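Below is one structure, written out as structure tokens, with a few remarks after it.
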Amino acid sequence: MSPEDWAALRRQLTGRLILPGEPGYDLLCRPFNALCDDRVPAAIVRCAGPEDVRRCLDLAAGSGTPVAARSGGHSYPAYSTPRDGLVVDLRDLADVEVRADGVAVVGAGTRLVEVATALAGAGRCLPLGSCPTVGLAGLTLGGGIGMLDRAFGLTADRLRSARVVLPDGRLVTASPDSEPDLFWALRGGGGGNFGVVVSFEFATEAAPDLAVFAMDFPAGSAVEVFGGWQEWITRVPSRMWANCTLTGGAAVGCRVVGCWVGGPDAGRSLLAELVRSVGTSPGQGMFRAADFLTATRHFAGCSEIPPACCRLRDEGGVLPRVGFVASSRVLTRPVGAAALVGLLEGSEGVVVEVDPLGGVIAEVDAAATAFPHRSAFATAQVYATATAEDRVHRTRLVFEVQRGLAELGATGAYINYLDPGQSDWATASYGPNLGRLREIARRYDPDAVLGFPQGLA
């Protein structure tokens, strides 16, 4: 791309083109993962609407420039910030409208806490993830797991339609009755594939009574706690969601955090059953009734809703960032607690967060949407913070733990936790749906305009 090419694009846009050296570029070019700051884009377009997206894709298709859409920017390997490419930044498409019938129309640049705030104000809720600055688009397109998914399904299961700018420039609506193959693929096929979604329609639920809780167990009890948690979570009602987080080190730490949909007395009773199953009392814990917004704040760790970082629609402030390496595995069934804890002994700072599936998620056939892990027991995210100095060491530790999980039978993976070092990522993430997804990607993006190293095109 020459300066004249960029100048021509700038004249066509309603939004803003931002080039290196221009105000705002140094902030907006940064992905969430601070280890990926070497992915420096050639340009960023803050799109004002679908027409701006179309012009960006036209330019990329004609010039061969790498291009990617960016919503929250949380792509683990920072694929939404293409090196020497064009970032189609959707952040300004962040409006939320909650209709009288409970349908929510959400712009593709909206972050999760903004969605939760708008829904709560209308007395509604939607199963969402926990990190406040994650973009709703990426969460939904990968399936969308979180604290309400056992009760209400994945975020993608609530999707009614999506407006999509295709690589050939067409703006289409994907729904059960319009572009049905594309609609199928968007529900779990992963962000960055097929086209650029500019808005979503979701079927929401009336906001229920909730309770949130957290229990920290003593060092040295991880085997008993994880084993007891696995047995307990398989038999509790789908209205109960609780994950189990193990933290590596000389003595593996263990924490259970969760959410109950219903009155507090029933929730406390179920947690008492967990403690009996574990055989160890938590060293400390909390349990309190909450509405949807309070529960969202609890899991997001925010002191305000929305936090200041989520209110930013331009370069007026700095999003909190962290350097990390991560991977995932999907557990088709419970695994040996001692074996998993053994993987973490000595792996200082490596965290395995096991999020339960089941409930309403399992009531959907694996072929009904692109998300294939309907009958699985849980997802396991393997994560470690890292700096440029210890990146190689931390990557090795994470790799060894996720490989150990695969050897224990956890051979699947969650597409929203993409790991460039996971050689079996495609079959692990998509399972029996991989062939159909690749065929749909070839149909909608035959020239791989949106292609990236772990994409489908």
Side-chain angles (χ1 to χ4, degrees), residues 20 24-41 44 66 68 70-85 87 89 91 111-113 129-135 138-139 142 190-192 243 245-249 252-253 255 299-302 307-310 312 315 317-329 343-344 346-353 355 379-403 405 413-422 425 452-454:
Y25 175 87
D26 289 342
L27 178 65
L28 293 173
C29 73
R30 297 172 184 166
F32 176 75
N33 189 346
L35 290 186
C36 298
D37 282 352
D38 60 333
R39 297 184 64 87
V40 180
I44 302 162
R70 184 172 71 188
S71 177
H74 279 250
S75 166
Y76 280 13
Y79 289 141
S80 56
T81 306
R83 186 180 287 108
D84 298 323
V87 176
D89 193 313
R91 181 63 187 134
R111 294 179 179 136
L112 297 190
V113 169
S130 59
C131 184
T133 58
V134 162
L139 176 78
N243 69 13
T245 299
L246 304 172
T247 302
V252 176
R255 189 168 202 246
F299 286 100
C302 297
C309 61
C310 288
L312 300 175
E315 62 271 20
V318 180
L319 282 172
R321 302 193 308 144
V322 65
F324 65 93
V325 291
S327 189
S328 75
R329 283 295 173 185
L343 293 175
L344 288 166
S347 297
E348 191 71 37
V350 177
V351 173
V352 176
E353 182 176 301
D355 293 320
T379 63
Q381 179 178 197
V382 187
Y383 179 96
T385 58
T387 64
E389 289 72 27
D390 65 6
R391 176 178 188 164
V392 172
H393 173 63
R394 304 296 251 175
T395 300
R396 180 180 59 80
L397 292 178
V398 167
F399 175 80
E400 290 176 351
V401 172
Q402 69 87 22
R403 182 176 61 183
L405 278 166
Y414 180 38
I415 196 64
N416 276 351
Y417 301 153
L418 272 173
D419 172 10
Q422 201 172 51
W425 67 271
F452 61 99
Q454 290 179 280

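Just so it is clear, the values below take in all heavy atoms, side chains as well, and ignore hydrogens, waters and symmetry mates. Worth saying up front: this structure is predicted, and the values here are computed from it rather than measured.
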Test of understanding: with salt bridge (Lys or Arg N to Asp or Glu O under 4.0 Å), list the residues that count as partners of Arg39, not counting sequence neighbours. none

Return the OG to CG distance between Ser71 and Leu112, rounded to the nearest 0.5 Å. 8.5 Å

Taking only residues two or more places apart in sequence or in another chain, which ones pass side-chain hydrogen bond (donor to acceptor under 3.5 Å, both in side chains) with Gln422? Ser327, Gln402

Among all residues two or more places apart in sequence or in another chain, which pass the salt bridge (Lys or Arg N to Asp or Glu O under 4.0 Å) test with Arg83? Asp38

Starting at SG of Cys131, measure out to CZ of Phe32 and round the result to the nearest 0.5 Å. 5.0 Å

Hits for side chain to side chain contact (heavy atoms under 4.5 Å, CB included) against Asp390, two or more places apart or cross-chain, chain-then-number order -> Ala386, Thr387, Arg394

So, for Val352 and Ala380, which heavy atoms are closest and what is the spacing to 0.1 Å? CG1-CB, 4.1 Å

Val392: what forms a side chain to side chain contact (heavy atoms under 4.5 Å, CB included) with it, not counting sequence neighbours? none

What are the two closest non-hydrogen atoms of Ser80 and Gly73, and how far apart are they? OG-CA, 3.8 Å

Within this structure, what is the OG1-CG distance for the pair Thr379 and Asn416, rounded to the nearest 0.5 Å? 10.5 Å

For Pro420, what residues pass the side chain to side chain contact (heavy atoms under 4.5 Å, CB included) criterion, not counting sequence neighbours? Pro77, Tyr79, Gln454

Can you spot which of Arg321, Arg30, Arg391 makes a salt bridge (Lys or Arg N to Asp or Glu O under 4.0 Å) with Asp37? Arg321

Please report the closest heavy-atom contact between Pro132 and Val113, naming both atoms and the distance. CB-CG2, 2.9 Å

My understanding is that only residues two or more places apart in sequence, or in another chain, count here; which of them pass side-chain hydrogen bond (donor to acceptor under 3.5 Å, both in side chains) with Tyr25? none

Using the test side-chain hydrogen bond (donor to acceptor under 3.5 Å, both in side chains), find all partners of Glu348 that sit at least two apart in sequence or belong to another chain. none

Between Ala388 and Leu35 the two heavy atoms that sit nearest each other are N-CD2, 3.8 Å

Going by salt bridge (Lys or Arg N to Asp or Glu O under 4.0 Å), name the residues that satisfy it together with Asp26, two or more places apart in sequence or in a different chain. none

Minimum heavy-atom separation for Phe452 to Gly192, with atom names? CE2-O, 3.6 Å

Answer yes or no: is there a donor N or O on one side and an acceptor on the other, between the side chain of Arg111 and the main chain of Gly72, under 3.5 Å? no

Residue set satisfying salt bridge (Lys or Arg N to Asp or Glu O under 4.0 Å) with Arg396, at least two apart, ordered chain then number -> Glu400

Exactly one candidate in Tyr414, Trp425, Phe324 meets ring pair (Phe, Tyr, Trp, His ring centres under 6.0 Å) with Tyr76; the answer is Phe324

For Thr81, all residues meeting side-chain hydrogen bond (donor to acceptor under 3.5 Å, both in side chains), sequence neighbours excluded: Arg70

Once side chain to side chain contact (heavy atoms under 4.5 Å, CB included) is applied, do any residues pair with Ala68, and if so which ones, sequence neighbours excluded? Pro82

Report the distance from atom NE2 of His74 to atom CG of Asn33, rounding to the nearest 0.5 Å. 10.5 Å

Can you tell me how far OG of Ser130 sits from CG of Asn243, rounded to the nearest 0.5 angstrom? 8.5 Å

Please evaluate residues Asp419 and Ser328 with respect to the criterion side chain to side chain contact (heavy atoms under 4.5 Å, CB included), reporting the C-alpha separation (whole Å), side-chain torsions for both, the decisive distance (0.1 Å), and the verdict. CA-CA 8 Å; Asp419 172 10; Ser328 75; over 6 Å; no

Looking at every heavy atom in both Leu397 and Ser347, which two are closest together, and how far apart are they? CD2-OG, 4.2 Å

